[in-house]
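Below is one structure; the comments refer to it alone.
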Amino acid sequence: MSPLDLLVVAPLVFMVLSLLAGGWQRSLLALAIATMAALSVWLMTLDPGTAHVVGGWELPLGVLLRADGLAQMLVPAVTLTAGLTGLYALHQFAPESHASNAQTAAFWPLYYLMWSAANAAFLTTDLFNLYVTLEMASIAAVAMAAMGSVRAALRYLLIALLGSIFYLLGVALILSRYGTVDVTLLAGMAEADFATALALALMTGGLLVKAALFPLHGWLPPAHAAAPAPASALLSGLVVKIGFVITVRLWFEGLAAAATPAGLHVLGGIGALAILFGSLQAIRQESLKALVAYSTVAQIGYLFLAFPLIAGAGHAWAGLSFHAVAHMIAKAAMFLAAGLMLKAAAGPRIADLAGLARAMPLTVTAFGLAAVSLMGLPPSGGFSAKFLLVDAALRQGQAIHAAVMLIGGLLAAVYLFRPLAVAFSGSETPAVPAKAPSMVAAPLALALAALLLGFAGGPLAELATGGAPATVAQEPPPSLENTVKTASEDAQ
Amino acid sequence: MSLVFDLVLCLMILGTAAASLLMRSALGGIVFFIAFGNLLGIAWLSLGAVNVALAEIAIGAGVTGILLILAHARLSAMGDPVECEPTSPWMRAAVAVICGGLIVLLSVAVLSISPTDRMGAQIATLMPALGIENPVTGVLLAFRAYDTLLETFVLLGALVAVWAIAPPRGWPQRPASLAIATPVSLTVIGTFSRVLLPASLVMAAYLVWTGSDLPGGAFQGGTVLAGGILVAALGGAIALPRADDMRLRSVLVLGPAMFLGIGLGGIALGRFLSYPVGLEKALIVAIEYALALSIGATLALLVAGKPVPPAAVQEGGD
């Protein structure tokens, strides 16, 4: 028995059950959260690099599942994010309500499908299997986006299919060139020839669409902003990370031989532009959810800005993994909190939020704590991530990269303080009674988790570097507690 | 002779593709698209890839063709202009340059790869242990069964995604009726489909059974079944089920659930999705029959579309 396959299979079992068990979604979700939490703990106790093929069919033909440090961080984060988002969604998509509609019935199977897809994508090293996981995630994501706006979802579907085709073209080239699609085998075989370079370019192009990296982000803000809050949380938290993780597997492991420094710098440069563009767009938004969606465009930029830093001095790999986890949790918290705030507010605009800090203090607190992590203020997980990345950039003399990250943090402060300032602006807004305690608790718990992630910086950075590919700079794991301490002393 | 045949086939494929793209009439474009799919299937056949040919003709030409014609009919019934607006010449030029460039790059890359079959030998050594002869089934149901398992859930998820866009009063009702409105055509198709539906059931069962050793399998069988169901629905011989019908739900999840269950049973023997020695063929065929049934029902409902309010059920067809 192994948690590697069970983490993918268990949500599928729950998907089947959710299609058959109309009124039992509540118990099903409780069972799913307990199962997935246990499996995640099991996964974290495995030695980094633990791997096995599915069904005993050996490589190069079979499919390899592997728990490397990145997966051991991301899968538990998915459990936390999806689990708490599910608790929130129990009230939005209440299964026992008699006015049952298509969305309450369709949400739960799609929710489990997406959960399975995220785990499958983070745990496999097989490029074709990754294509299947992309399709699982895209189908669920498009359907969830359609619950808000069919128009935005249709646009999302078409662009996601285009991305899939480009990715699949690259996989086909790799298969005929090397006779395998396994990343671990390709790492030892890949050469920098034309077919490999073209395959890498095609797959990266397709994946950047899925990860919504500027300038291929156009589908994201309308889809993420229109979807129901729990769907937005899953879309921004989980789905965009899948495209990112596959890109990492290609550039730093499987096809690292064809990944030239120039290519890495191009991705890094696009990442920098994404940070600046996404932040400036977020500042311009009048609607709260569009602001949070553009913040995702900016935060995705950090993930790619780190690409040229991975091989050099410092701990950019740990910073990258950390950022993916911190953003997943903090952004889910923020979308869930925004959903509650918008339900209580008079309208969707930021100006309509006035007085909400008094009316729903816990929810606004959750929004604020998530904002702390997204801005990268200590002691949050976002701070640890950005600290490691800026530190690596400075050590490598990449002052521009460091400057863009710091400016990105400042711009995030600008766009995130605005809704908070409005919410805290005085008025006699009466307190909004919580519809359900778990609906208030879910974003708060996620935001606290994003904040507390910073305190676990050292062990997590060590976990991230466990089983990291050979292209990653091998240095002793950073002792983040000390660096954080010095930094906060400096700040005072 | 064979070269001449291939050349003519290639010209016809390019011709039908160009015609379906350039046709101003959407219906004309659809007709050429269906012809294009069938020709592509013949091309796969002449390359010796019979499984791919079956899938291309069944899905690429058959199910997609019905889907496009239905979409055209429903859009026309709604009074939407189905003709597309003319694209600007600049847009056309840009698309032509991008697609042309991509074709050149892909051609150079493909020609730079030596055409050796690297996986065939490995598959051939593993096949005897399975007790089946069709290597495609071996790959789909054993060596890469994990991919196939996840794909069956993609298909199931796609149907749930269609449900998600049902209008508020449409849930949990039936999809719009596919029955043809013209009484004479309805009678003809209805009579025809009463023969065709049982025949397609037999054909699907045969394709799944023969898929163990010869081209065929769950997907091809399921598509034939879906075709039978759709023609029967067009002829008014059967009514499409409600989305909350538990019998329907059971049929939809039967294949994926059976696949999961047999996979999980493998854990008792050591690994998820490993088949006990001696039972490989029996379990593979069992999974395939269950899958064919689920795939048939799912594909038919995907084509039929989202559930609609009862009043609209009778107005859906053309």
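Fair warning: this is a prediction, and the values are worked out from it, not measured in the lab. Chain identifiers are assigned alphabetically (A, B, ...) following the order of the sequence lines, protein sequences preceding nucleic acid strands; residue numbering begins at 1 within each chain.
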**Report entry** Contact class of A:V13 relative to chain B, heavy atoms under 4.5 angstrom
**Finding:** both

Query raised in the report: Is the backbone of B:A243 close enough, under 3.5 Å, to the side chain of B:R249 for a donor and an acceptor to pair up by distance?
Result: yes

Query raised in the report: Any side-chain heavy atom of A:L198 sitting closer than 4.5 Å to one from B:V108?
Result: no

**Report entry** Expected output: side-chain A:T196 to main-chain A:A192 donor-acceptor under 3.5 Å
**Finding:** no

Requested in this report: Tell me, out of B:D244, B:L106, B:V110, B:L252, who's got the most heavy-atom pairs with chain A below 4.5 Å.
Outcome: B:L106

Query - Donor-acceptor contact below 3.5 Å, side chain A:W108 vs main chain A:F93 - result: yes

Query - Residue part contacting chain A, namely of B:L105, when any heavy atom lies under 4.5 Å - result: both

Requested in this report: Heavy-atom pairs under 4.5 Å with chain B are the metric here; pick the option from A:A153, A:A117, A:A172, A:P60 that has the most.
Outcome: A:P60

**Report entry** Sidechain-backbone polar pair: A:Y156 side chain, A:S138 backbone, donor-acceptor under 3.5 Å
**Finding:** no

Query raised in the report: Side chain, backbone, both or neither: which part of A:M147 has an atom under 4.5 Å from a heavy atom of chain B?
Result: side chain

**Report entry** Backbone N/O of B:A218 and side chain of B:E288: donor-acceptor pair under 3.5 Å
**Finding:** yes

Query raised in the report: Non-hydrogen atoms of chain B under 4.5 Å away: do they reach the side chain of A:Y178, the backbone, both or neither?
Result: backbone

Query raised in the report: Counting distance only, does the side-chain N/O of B:R174 pair as donor-acceptor with the main-chain N or O of B:L240 below 3.5 Å?
Result: yes

Query raised in the report: Any idea which of A:N129, A:L113, A:I139, A:L4 has the most non-hydrogen atom pairs under 4.5 angstrom with chain B?
Result: A:N129

Report task. Measure B:L102 against the heavy atoms of chain A and call it side chain, backbone, both or neither at under 4.5 Å. Result -> side chain

Query raised in the report: What part of B:A158 is in contact with chain A, defined as an atom under 4.5 angstrom from a non-hydrogen atom: side chain, backbone, both or neither?
Result: both

Query raised in the report: A:L19, A:V16, A:D126: which one forms the most heavy-atom pairs within less than 4.5 Å of chain B?
Result: A:L19

**Report entry** Expected output: side-chain A:N101 to main-chain A:T104 donor-acceptor under 3.5 Å
**Finding:** yes

Query raised in the report: Considering only heavy atoms, which portion of B:L159 lies under 4.5 Å from any heavy atom of chain A: side chain, backbone, both, or neither?
Result: neither

**Report entry** Which portion of A:L17 sits near chain B, non-hydrogen atoms under 4.5 angstrom
**Finding:** neither

**Report entry** Engaged part of B:L150 at the chain A interface, taking heavy atoms whose separation is under 4.5 Å
**Finding:** both

**Report entry** Most contacts with chain B, counted as non-hydrogen pairs under 4.5 angstrom, among A:V9, A:L173, A:V8
**Finding:** A:V9

Query raised in the report: B:V154, B:V253, B:D147, B:L273: which one forms the most heavy-atom pairs within less than 4.5 Å of chain A?
Result: B:D147

Report task. Name the region of B:V139, side chain, backbone, both or neither, that has any atom closer than 4.5 Å to a heavy atom of chain A. Result -> neither

Report task. Please state whether the side chain, the backbone, both or neither of B:A142 comes within less than 4.5 Å of a heavy atom of chain A. Result -> both

Report summary line: Turns out that what part of B:L264 lies under 4.5 Å from chain A's heavy atoms comes down to side chain

Query - Neighbour count above 12 (heavy atom, 6.0 Å) for B:W44 CH2 - result: no

Query raised in the report: Does A:T133 offer a backbone N or O that forms a donor-acceptor pair with the side chain of A:E135 under 3.5 Å?
Result: no

**Report entry** Side chain / backbone / both / neither for A:D5 at chain B, heavy atoms under 4.5 Å
**Finding:** side chain

